[in-house]
Amino acid sequence: SSATNAQPATKEQSSTLPSFVVFKNWEQGNPENSQLILDTYKAWDSDSTGAMSSHFGDTTRFDLPDGRRFTTTNNTIESTLRKWRKNYKETTNMPFSLISLHNKDLDQQWVIAWTWNKWRHADGSKDSMLYCDNFRLKDGKIVYLNSLQNQPSKSLSKTLNKIPEK
């Protein structure tokens, strides 16, 4: 009957993407993961590295925009964050997109964050940058961060600066 033909397929179709696309079987993730990432940005901006460090796992890897890789443990995360944060007098992260995802093939939780970041260095100089931060979470804690940055065009900067801070 035509009603039977209109029903959605219950069996998943295998991906037609090539084998080099490792991350291909995604579904919506837990919204609480997005809240954890938002809270992490808020803690960074308020210079609360102690509170922020509680969001990270026993071991966390950071791949930073300048090509450096850091690994921290729960014994070193707070001092590492404090050292990094001391470079800034103030920061304002405005995550305008937080997407919580679950990769079914690898059983991994991710949050993809698009963030407009403005800061003032300890010496008073100001700057801003657009970031795409890719967080992997395990057991409700951040265990990996891949951070990408982009200097947006003047037109995009004007648009991003119109985002309300609160």
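Worth saying up front: this structure is predicted, and the values here are computed from it rather than measured.
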For Trp114 and Phe96, take the angle between the two ring planes, folded into 0 to 90°, and tell me which bin it lands in: parallel under 30, tilted 30 to 60, perpendicular over 60.
tilted
Which label fits Trp119 and Tyr88: parallel for a plane angle under 30°, tilted from 30 to 60°, or perpendicular past 60°?
perpendicular
Taking every non-hydrogen atom, the tightest pair across [X] and [Y]:
X      : Y      : answer
Ala43  : Met52  : CB-CB, 3.6 Å
Leu98  : Ile37  : CD2-CG2, 4.0 Å
Pro164 : Met94  : O-SD, 4.3 Å
Ser157 : Pro152 : OG-CG, 3.4 Å
Phe23  : Asn103 : CA-ND2, 3.7 Å
Lys24  : Ser19  : NZ-CA, 3.9 Å

How about [X] and [Y]: does a side-chain donor come under 3.5 Å of a side-chain acceptor?
X      : Y     : answer
Ser100 : Asn30 : no
Gln109 : Asn33 : yes
Tyr144 : Asp63 : yes

Any side-chain to backbone donor/acceptor pair from [X] onto [Y]? Under 3.5 Å, distance only.
X      : Y      : value
Ser153 : Leu156 : yes
Thr115 : Asn117 : no
Thr40  : Leu36  : yes
Thr159 : Ser155 : yes
Asp45  : Lys42  : no
Lys141 : Ser54  : yes

How many angstroms lie between [atom1] in [X] and [atom2] in [Y], if you round to the nearest 0.5 Å?
X      : Y      : atom1 : atom2 : result
Asn74  : Thr60  : CG    : OG1   : 9.0 Å
Asn25  : His102 : CG    : NE2   : 9.0 Å
Ser128 : Gln151 : OG    : CD    : 6.0 Å

State yes or no: do Ile99 and Leu160 share one hydrophobic cluster built from I, L, V, M, F, W and Y residues joined by side-chain heavy-atom distances below 4.5 Å, directly or via other members?
yes
Transitively linked via ILVMFWY side-chain contacts under 4.5 Å: Met129 with Phe62?
yes
With Tyr41, the side-chain hydrogen bond (donor to acceptor under 3.5 Å, both in side chains) member among Asn93, Thr92, Asp133
Asp133
Begin with the C-alpha distance, continue with both residues' side-chain angles, and end with the deciding distance and a verdict on ring pair (Phe, Tyr, Trp, His ring centres under 6.0 Å) for Phe135 and Phe56.
CA-CA 11 Å; Phe135 295 90; Phe56 292 85; 7.8 Å; no
Could you check whether atom [atom1] of [X] has more than 12 heavy atoms from other residues, nucleotides or ligands sitting under 6.0 Å from it?
X      : atom1 : answer
Lys89  : NZ    : no
Asp66  : CG    : yes
Lys118 : NZ    : yes
Arg85  : CZ    : yes

